[in-house]
There are 2 protein chains.
Amino acid sequence: MQPKAPQTDTSRDRILSASAILFREHGYAGVSMRKIAESCEMKAGSLYYHFASKDQILTEVLNIGIQKVHAAVARSLSDAPAGATVIDKLKRAISGHLHALLEYSSFTSANVRIFRQVPDEIQNSNLEVRRAYEALWDGFLQELQDAGELRNDVDPRSLRLMLIGALNATLEWFDPALGNISDLADRYADMLANGALKKGDS
Amino acid sequence: MQPKAPQTDTSRDRILSASAILFREHGYAGVSMRKIAESCEMKAGSLYYHFASKDQILTEVLNIGIQKVHAAVARSLSDAPAGATVIDKLKRAISGHLHALLEYSSFTSANVRIFRQVPDEIQNSNLEVRRAYEALWDGFLQELQDAGELRNDVDPRSLRLMLIGALNATLEWFDPALGNISDLADRYADMLANGALKKGDS
DNA sequence: CCTTCTACCTAACGTTTGTTTGAAATATCC
DNA sequence: GGATATTTCAAACAAACGTTAGGTAGAAGG
């Protein structure tokens with residue numbers, strides 16, 4: 001089945017979308033410029049009118065993957081009403097992450113799956129964007145801790161590593177056509193907040 | 001920095017180890033037979049004495065990645081003393097997973113990172129091994145639920161998806177040279193059992 | 001309508017890839 | 001030590017790769 005690039009505004013966007021889909025399915029090195037071009041109903045040489053190199057396409061795909069998620073979570077956090085409970089805030093943040101993650105899944109999957117495989121210079125250039133998103137979560141969880149909402153023996157950074165790990169893994173199995181993202185977010189928030197065991201088993 | 005294959009018993013093992021390291025760092029398509037051979041201090045043609053194809057190397061690397069983890073968790077579960085508490089059992093299972101995951105991290109990382117990028121026939125051939133491991137966890141978590149240890153609103157399969165997602169993400173940031181795997185396992189078990197929030201916030 | 005700009009195509013280049021085959025080197029066995 | 005088996009090397013092949021440069025078609029502007 002040959003993936004088709006979605007019909008977006010410009011050829012440049014079409015190339016990026018097609019690239020994201022192909023990179024996540026075949027890895028970076030497994031996707032040739034000819035394959036990307038074919039997916040856009042173009043020829044490989046044409047891609048160089050829009051992008052300087054394959055590496056530049058990759059760099060932008062990786063950045064888009066993170067920026068979408070970052071913007072969504074930032075918005076979720078700032079939209080929270082003043083009297084929101086901690087569980088409500090957590091649900092909002094997780095919901096923001098999951099909605100963006102799963103709605104832009106070609107870009108986000110591409111990032112999650114191939115980040116560690118790409119040339120070092122490109123990894124390094126994506127690290128800033130990644131660090132900014134991590135800092136957003138770390139800030140949020142640190143607030144929860146400062147407010148006395150997190151258990152004293154829970155480190156916010158460790159919690160973030162675990163939480164993002166679990167959330168990003170949904171890319172491998174969750175299908176938005178079959179399930180409801182908000183329900184998923186609620187379940188994950190509940191589990192991370194309260195755990196899986198019945199009380200009294202600790 | 002040119003990775004060196006660890007000194008193992010046979011050339012065949014050396015090729016597999018080198019391949020796992022290279023696949024996880026560069027993806028499947030990003031690693032040539034010449035690179036693998038060089039890593040083993042051989043030439044590319046020599047690899048064909050031991051393996052029929054690059055795809056065969058890949059298939060074996062992927063299988064090893066899962067089999068190590070499966071064996072460790074199975075052993076952890078069967079070694080649990082008769083009177084073990086549920087939190088103890090959970091700790092054991094998680095510890096088994098994490099120890100294998102992080103000790104054989106070249107193979108397990110290769111699997112986790114590149115599984116979705118490899119040719120379909122190879123994905124399909126690895127699926128059986130994956131399904132068997134998933135079934136091991138599902139069985140264990142179902143026992144916990146049947147024993148009334150899990151919350152009634154927690155689905156064992158969903159819990160497994162979340163748990164394995166979180167555990168496998170440790171491959172990206174945990175360094176066994178800097179941290180203690182058993183401590184990590186204990187923390188993860190505790191978090192997944194009891195959650196991150198102070199009681200009373202649900 | 002003519003000129004200029006935009007966006008794509010084509011052909012080609014040098015390099016890299018997985019693989020094969022026969023030769024040579026090394027290891028093992030009697 | 002010589003014969004045999006195992007293991008590796010070297011050279012080569014066809015195909016594929018990222019990229020370049022010139023050409024062309026169509027759109028836009030005056």
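All values derive from a computational prediction rather than experimental measurement. Just so we're on the same page: letters track the sequence lines, and every chain starts at 1.
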Exercise answer: donor-acceptor pairs, residues 101-112 of chain A side-chain atoms, under 3.5 Å, sequence neighbours excluded:
| unit_1 | atom_1 | unit_2 | atom_2 | d |
| --- | --- | --- | --- | --- |
| Ser105(A) | OG | Arg24(A) | NH1 | 3.4 |
| Thr108(A) | OG1 | Leu101(A) | O | 2.7 |
| Thr108(A) | OG1 | Tyr104(A) | O | 3.2 |
| Ser109(A) | OG | Ser105(A) | O | 2.7 |
| Asn111(A) | OD1 | Arg130(A) | NH2 | 2.6 |
| Asn111(A) | ND2 | Leu62(A) | O | 2.8 |
| Asn111(A) | ND2 | Asn126(A) | OD1 | 3.3 |

Completion exercise
Between Val31(A) and Ser46(A), the residue closer to the 5' end of DNA chain D by nearest nucleotide is Val31(A)

Practice task
Give me the ring orientation class for Tyr28(A) and Phe23(A): parallel if the planes are under 30° apart, tilted from 30 to 60°, perpendicular past 60°.
Solution key: perpendicular

Problem - Donor-acceptor under 3.5 Å (Arg14(A) side chain, Cys40(A) main chain) - result: yes

Problem - Length of the CZ-C1' vector between Arg34(B) and dA12(D), whole Å - result: 10 Å

Practice task
Would you mind checking if Glu134(A) and Arg157(A) are paired as a salt bridge, meaning a charged N to carboxylate O distance below 4.0 Å?
Solution key: no

Handout entry: Strand contacts (DNA chain C) in residues 48-65 of chain A, 4.0 angstrom heavy-atom criterion
Key = Tyr49(A), His50(A)

Handout entry: Asp88(B)/Arg92(B) salt bridge by N-O under 4.0 Å criterion
Key = yes

Exercise for the section: Using a strict cut-off of less than 4.0 Å between a Lys/Arg side-chain nitrogen and an Asp/Glu carboxylate oxygen, indicate whether Glu60(A) and Arg12(A) qualify as a salt bridge. Expected result: yes

Practice task
Report yes if a side-chain nitrogen or oxygen of Ser11(B) is closer than 4.0 Å to either non-bridging phosphate oxygen (OP1 or OP2) of dT7(D); otherwise report no.
Solution key: no

Problem - Presence of salt bridge, Arg151(B) and Asp153(B), under 4.0 angstrom - result: yes

Practice task
Output yes when a side-chain donor or acceptor of Gln145(B) lies under 3.5 Å from a complementary backbone atom of Val154(B), and no otherwise.
Solution key: yes

Exercise for the section: Using atom CD of Glu38(A) as one end and atom C1' of dC17(D) as the other, report the distance to the nearest whole Å. Expected result: 15 Å

Exercise for the section: At the 4.0 Å heavy-atom cut-off to chain B, mark where contacts on DNA chain C begin and end, going 5' to 3'. Expected result: dT17(C) to dT20(C)

